[in-house]
Amino acid sequence: MRLSRYFLPVLKENPAEAQIVSHRYMLRAGMIKQQAAGIYSWLPLGYRVLRRIEEIVHEEQQRAGHIPLLMPTLQPADLWRESGRYDDYGEEMLRLKDRHGRDMLYGPTNEEMITDIFRSHVESYKSLPLTLYHIQWKFRDEIRPRFGVMRGREFLMKDGYNFDIDKEAALHAYNRHMVSYLRTYERMGLTAIPMRAASGPIGGDNTHEFLVLASTGESEVFYDDRVTKLKLGARAIDYDDRAEVAGVCAEFTTLYARTDETHDAAAFEAVPEAHRKVGRGIEVGQIFYFGTKYSEPMGATVVTPEGTRVPVHMGSHGIGVSRLLGAIIEASHDDRGIIWPEGVTPFPVGIVNLKQGDGATDAACEGLYRALKARGLEPLYDDRDERAGAKFATMDLIGLPWRITVGPRGLAAGTVELTSRRSGESEEMGAEAAVARVAEIYAGR
Ligand code: 5CA
């Protein structure tokens, strides 16, 4: 992408309405535009990151054996009357009527609808286990939308739903989700700690939230800081192996880590003082097991091998896809701008031309541009007729993890400069070597 032809409406001034750094940088870097309280347009740069996050979520869900589908945003109220939640949900639910006077709603979540799909098509235990998920916009008429995409009214969520024959099988699905989430967040450069939580309007009593530590987080968290050192890494996991998956969950949930909702002061006292930490966290996901809470009232049953009919055991599992952009920026920035982890960056590398219009410099940049593209590494090439300082400031603000700087002086010595946004360190090398290095950094991502 050539910056001269892109749409990147960066702001010079700090927007007054933004209270936290991620909101400020998302506005300044031209990633989002507010259209109403808690409702945003995703401008091209923000949209690229959103899509990248979605891709990672899809890959990790499908690796765990979960199946994507797509349900609508608008739902008939009658489904929610069956579960009893239409009246319970309160003012957070956006209710509307169609031209025939039928009650409709903009889905805040999809337990009812997925249960309806299941009961319409599944008859036998032989179709189980089954986990279906989608990534779709939700609407919750939050009383206090704030912090940009962090607490929106319209927001993008991955929500998955498991259907199992009994509690044991459903708890395996719960564990599978926990492990797949750990991998998902790690690929985004985040440490998200599973913490025992309270279930709220979704229901059930087995639930964990995933929290990214950040001083601007909305939840108060109490934890043993050794939990922040745990890493899943690239280890191979057989998602069908119940014992193996449960073992990984035990590894990540044994040390004390709770939100204020479930905090137990006595148990916390048992954590060695040097490791006892109180902080704040951003909730980037939550998983629930709620048994037959929806399947029973809605008649989602299967025939067992013995020929009897039983309601299926279910759970639901959410990731705050749009919120993740805010969480990643809160966790990874400096006073000049965003620092994207390689896994989610909108462009893998930027090219800065220090002397636009100089034949040799332009030609070298064009060569780099083509070579990177040929390797599937779409660069953002700053080919504007701007001062070097302005080009660096834009690159720093939008946070691409790597930058290649090309100028007449370096070219005379046969080199370009490769700079890490995170460390600030630069290295001079030939253009081909720079392309090879960038390709190596992104190999397998
Ligand atoms: N049905 C279940 C799981 S699929 C559910 O709705 N869970 S939830 O309420 O915990 O939401 C899942 C995730 O969506 C949360 O962990 C959070 O990361 C994100 N989320 C919830 N509300 C908002 C909001 N107002 N703005 C942005 N993200 C949100």
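Whatever order the structure lists ligands and atoms in, that order sets their numbers, starting from 1. Computation of the quantities below employed the complete heavy-atom set of this structure, encompassing side-chain atoms and omitting hydrogens, waters and symmetry-equivalent molecules. Numbering starts at 1 and runs along the sequence shown.
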Colleague: For a quick check: using heavy atoms under 4.0 Å, what are the residues in contact with ligand 1, sorted by chain and number?
Modeller: Thr109, Glu111, Arg140, Glu142, Val149, Met150, Arg151, Gly152, Phe155, Met157, Asp159, Ile202, Glu283, Val284, Gly285, Gln286, Phe288, Ser316, His317, Gly318, Gly320, Arg323
Colleague: Determine all donor-acceptor pairs shorter than 3.5 Å in which one atom belongs to a side chain in residues 271-279; sequence neighbours excluded.
Modeller:
residue : atom : partner : partner atom : Å
His275  : ND1  : Asp225  : OD1          : 2.7
Arg276  : NE   : Phe268  : O            : 3.4
Arg276  : NE   : Val271  : O            : 3.0
Arg276  : NH2  : Glu269  : O            : 3.4
Arg276  : NH2  : Val271  : O            : 3.1
Lys277  : NZ   : Asp225  : OD2          : 2.8

Colleague: If you look only at pairs with a residue in residues 19-39, which of them pass as a ring pair (Phe, Tyr, Trp, His ring centres under 6.0 Å), with sequence neighbours excluded?
Modeller: none
Colleague: Could Arg95 and Tyr86 be counted as a cation-pi pair, given that NZ or CZ must be under 6.0 Å from the ring centre and within 45° of the axis?
Modeller: yes
Colleague: Enumerate donor-acceptor pairs with a distance under 3.5 Å from any side-chain N or O in residues 210-217 to protein atoms, sequence neighbours excluded.
Modeller:
residue : atom : partner : partner atom : Å
Thr216  : OG1  : Glu330  : OE1          : 2.8

Colleague: If you look at every heavy atom in Pro401 and Glu342, which pair is closest and at what distance?
Modeller: CB-OE2, 4.0 Å
Colleague: Report yes or no: is the cationic atom of Arg2 (NZ for Lys, CZ for Arg) closer than 6.0 Å to the six-membered ring centre of Tyr369, at no more than 45° off its axis?
Modeller: yes
